[in-house]
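Contents: one structure, followed by commentary.
Read the numbers this way: they start at 1 and go in the same order the structure lists the ligands and their atoms.
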Amino acid sequence: MSERLADHTTTRVGGPARAWVTARTEAEALEAVRAADAAGDPLFVLGGGSNTLMADAGFDGTVVRLAFDGIEVLREDGGDVLVRVAAGHAWDEAVAWTVEQGLGGVEALSGIPGSAGATPVQNVGAYGADVSQVLVSLRAWDRQAPGGGAVVELGADELRFGYRDSIIKRSMVEGGAPSPRWIVLSIDLRLRRAAAGAEPTAPVRYAQLARALGVEEGSHATLRTVREQVLALRASKGMVWDEADRDTWSTGSYFTNPIVPAAVRASLPEGAPAFAAGTAEDGTELVKLSAAWLIDHAGFGKGFGLPDAEPREGDVDGRGPDGAGLAGGRASLSTKHTLAVTNRGDASTEDVLTIARAVRDGVKARYGVDLHHEPMIIGTAL
Ligand SMILES: Cc1cc2nc3c(=O)[nH]c(=O)nc-3n(C[C@H](O)[C@H](O)[C@H](O)COP(=O)(O)OP(=O)(O)OC[C@H]3O[C@@H](n4cnc5c(N)ncnc54)[C@H](O)[C@@H]3O)c2cc1C
């Protein structure tokens, strides 16, 4: 039976899949992926749909939704605990489990929607943490292994993690493919158990979080309070998915923070935040800018939308034949955060992209800085 992506993505947009498989076990997932690849059928692998924008026309191929879950402790050595999480496990449920077990390492990544298997794809991160800090290795189906594919183990060093980046993501972006070369089956995380009798705590690596917790940045707080505070901060920004709150019908941050040569900073207004971001291969000093600041100061405040337009003859997927679609009130920036492009109730994918295009073009015109989108856009383009 076919399904609409709109029913399986957090932005609630996207057309139907030609074929749909819900894989409730790893074996079912492998069977579906192998069958699609053997038949040369385009494949899209879906977790929680929280970083996916699928075209309104849908997907002319097979969507395999990874719905198998499970958490197991593989090894415990002193305070180090190696935990395996199945790809289809809801990430935030896995985080809640680690906090209940008194295992430190992922508490600052509380409240990120989606599946555990997708976390290494863009090296998910928030509040001074990212998954590369704890991910030791993962098991994946390598679609390009000889003989039509094989299960492989990839260590963290092989994944070449970067800011919202990994080789898994690059295998899609660079290859222009709707699915990666490696389908993550499970991830192994190295977590930390507190000494017997001691309260489980974790270092707080983010100024705003430290302020909210009333501690110094770099000092420790209990896992439970970190999780609670992160969830509260995220909810105040519309960054915890909630069916009842349209500000969360999004892919979270639509744009990544631009990393640019330090010289670019000099052309921006004095208040523009910029953080050291290492050096490029040719030795150029780099800084990371705040996409939210650039968007806001380029004139796209919270709730930014575009005026409604009468539907015109020849419109395709909500966009006019001249390419100038108007999103009406159907899509807008979140009223809580300028980084999220949200569906207010009946937006199409093109409505969402129309808002995103206006923001991207406006920031470029005002500051000359290119904004890059974070979600995977399939079958259409920004
Ligand atoms: C309200 C909100 C807040 C968010 N906050 C954050 C945040 O703080 N930090 C952050 O980093 N992200 C954030 N996100 C983005 C998103 O939640 C993460 O990127 C998440 O990891 C995506 O998981 P998913 O299972 O929903 O991925 P999907 O949308 O299902 O898939 C995303 C991409 O990964 C691929 N993929 C999915 N599963 C696998 C797998 N097992 N193996 C290989 N490829 C796979 C898909 O093919 C697709 O290309 C937020 C999103 C929302 C809606």
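Remark: ligand 1 and T52 share an N or O pair separated by less than 3.5 Å (distance only, no angle test). For ligand 1, the polar-atom distance check finds no N/O of F44 at less than 3.5 Å from any of the ligand's N/O atoms. Of the polar atoms of V45, at least one N or O is found under 3.5 Å from an N or O of ligand 1, judged by distance alone. Residue-to-ligand polar distances keep V121 apart from ligand 1: every N/O pair is separated by 3.5 Å or more.
Heavy-atom proximity to M239, at under 4.0 Å, picks out these atoms of ligand 1: 1 (C), 3 (C).
A salt bridge does not link R330 to D346: none of the charged nitrogens lies less than 4.0 Å from a carboxylate oxygen.
Under the 4.5 Å side-chain criterion, counting only non-hydrogen atoms from C-beta, T349 is not in contact with M54.
The option from A140, P180, A90, S171 that lies nearest to atom 44 (N) of ligand 1, judged by heavy atoms, is P180. Of the candidates H337, K169, R65, Q122, it is Q122 that places a heavy atom closest to atom 10 (C) of ligand 1.
Contacts between W182 and ligand 1 below 4.0 angstrom, taking non-hydrogen atoms only, involve the backbone exclusively.
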Give the table of side-chain donor-acceptor pairs shorter than 3.5 Å for residues 146-161, with sequence neighbours excluded, one pair per line with atom names and distance.
from: E153; atom 1: OE2; to: S137; atom 2: OG; distance (Å): 3.4
from: E158; atom 1: OE1; to: G155; atom 2: N; distance (Å): 2.7

Distance-only donor-acceptor hits, side chain of residues 194-217, under 3.5 Å, sequence neighbours excluded:
from: T201; atom 1: OG1; to: H220; atom 2: ND1; distance (Å): 3.1
from: Q208; atom 1: OE1; to: K237; atom 2: NZ; distance (Å): 3.0

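For the residue pair E107 and T98, no side-chain donor N or O sits within less than 3.5 Å of a side-chain acceptor on the partner. Under 3.5 Å, the side chains of R246 and T342 contain no donor-acceptor pair of N or O atoms.
Judged by the shortest distance from any of its heavy atoms, R164 lies inside the 4.0 Å radius around the atoms of ligand 1.
With respect to atom 48 (C) of ligand 1, the closest heavy atom belonging to the protein is M376 CG, 3.8 Å.
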